[in-house]
Amino acid sequence: MVKGTRTIFKKLISSITALSVMICGFTFPAYAHNSDYFSGIYTGIITHQNLKFRIESSAITSFLTSSVYYSAYGWSNVSNSVGSIGIAIASPGMPSSGFYSVYGQWFTDGTLGETIPRDSSGNIVSMGSNWYSLSITMNTNSSSFSGADNATTAAKKTFTHEVGHALKLSHPAFGYSIPGHTYQGLPKAVMNQGLTMSSKPWISSTVVTHDISNLQTKWGS
Ligand SMILES: [Zn+2]
Ligand SMILES: [Zn+2]
């Protein structure tokens with residue numbers, strides 16, 4: 001879920017690139033699509049190269065535990081350009097600068113999480129803009145996750161997904177003709193929307209090849 005991205009889905013798939021990855025002697029296509037990530041860069045102090053999150057007390061519940069947030073380490077070092085993701089559980093006396101905050105909020109509309117980018121004046125900006133800062137909000141209403149095969153796995157997927165937005169990845173474009181989008185027009189990706197369930201195997205609970213290919217194409221490998 002993202003704020004300010006309504007128009008991205010109208011964006012045309014203007015070009016498609018296919019990379020090749022060599023692993024263990026086999027070459028297979030690893031697809032990256034510029035419709036699967038946002039334009040723009042970070043203009044503040046914390047950028048895609050040093051992303052650190054401070055998990056505020058509102059985002060910690062019996063359900064949203066520290067292990068949910070540590071799942072975002074799945075993005076660490078999949079690209080040298082991005083490097084390691086920092087996750088710190090807020091504690092008294094801990095500095096608030098140097099981190100982007102993760103808040104908890106009770107949503108009843110099915111929202112699982114939100115990534116909200118801002119400019120240097122604090123105004124919410126579109127996902128395709130340059131960003132000065134951002135925050136993430138997680139839904140503390142556990143019933144929203146109850147449709148998943150495993151609610152904790154779905155919460156981990158949600159936070160990993162939101163951090164993917166913070167890395168400027170978007171929801172993969174729907175299209176049967178897009179290479180690699182083989183599941184009813186979508187690729188297997190953590191950046192797909194929705195709850196993880198066996199009936200929707202394309203909604204990955206973890207960072208997978210398609211996510212990594214887009215990240216490396218956006219920021220460099
Ligand atoms: Zn999303
Ligand atoms: Zn794609």
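We're numbering straight along the sequence, starting at 1. Ligands are counted one by one from 1 in listed order, and the atoms in each one are counted from 1 as well.
Between the NE2 atom of His165 and the NE2 atom of His171, the angle taken at the Zn ion (ligand 1) works out to 100° after rounding to 10°.
A donor-acceptor pair under 3.5 Å links the side-chain atoms of Thr47 to the main chain of Gln49, judged by distance alone. In this structure, Asn214 contributes its side chain and His33 its backbone to a donor-acceptor pair below 3.5 Å.
Looking at residues two or more places apart in sequence or on another chain, you find a side-chain hydrogen bond (donor to acceptor under 3.5 Å, both in side chains) between Thr153 and Asn150. Take Thr196 and apply the side-chain hydrogen bond (donor to acceptor under 3.5 Å, both in side chains) test, not counting sequence neighbours, and it matches no residue.
Around the Zn ion (ligand 2), the protein atoms of type N, O or S that sit closer than 2.8 Å are His33 ND1, Asp36 OD2, His181 NE2, His210 NE2.
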Report all side-chain donor-acceptor pairs from residues 60-69 shorter than 3.5 Å, counting only partners two or more places apart or in another chain.
unit_1, atom_1, unit_2, atom_2, d
Thr61, OG1, Phe63, N, 3.0
Thr61, OG1, Leu64, N, 2.7
Thr65, OG1, Ser67, OG, 3.0
Tyr69, OH, Ala59, O, 2.5

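Heavy-atom contacts from other residues, nucleotides or ligands closer than 6.0 Å to NZ of Lys188 number more than 12.
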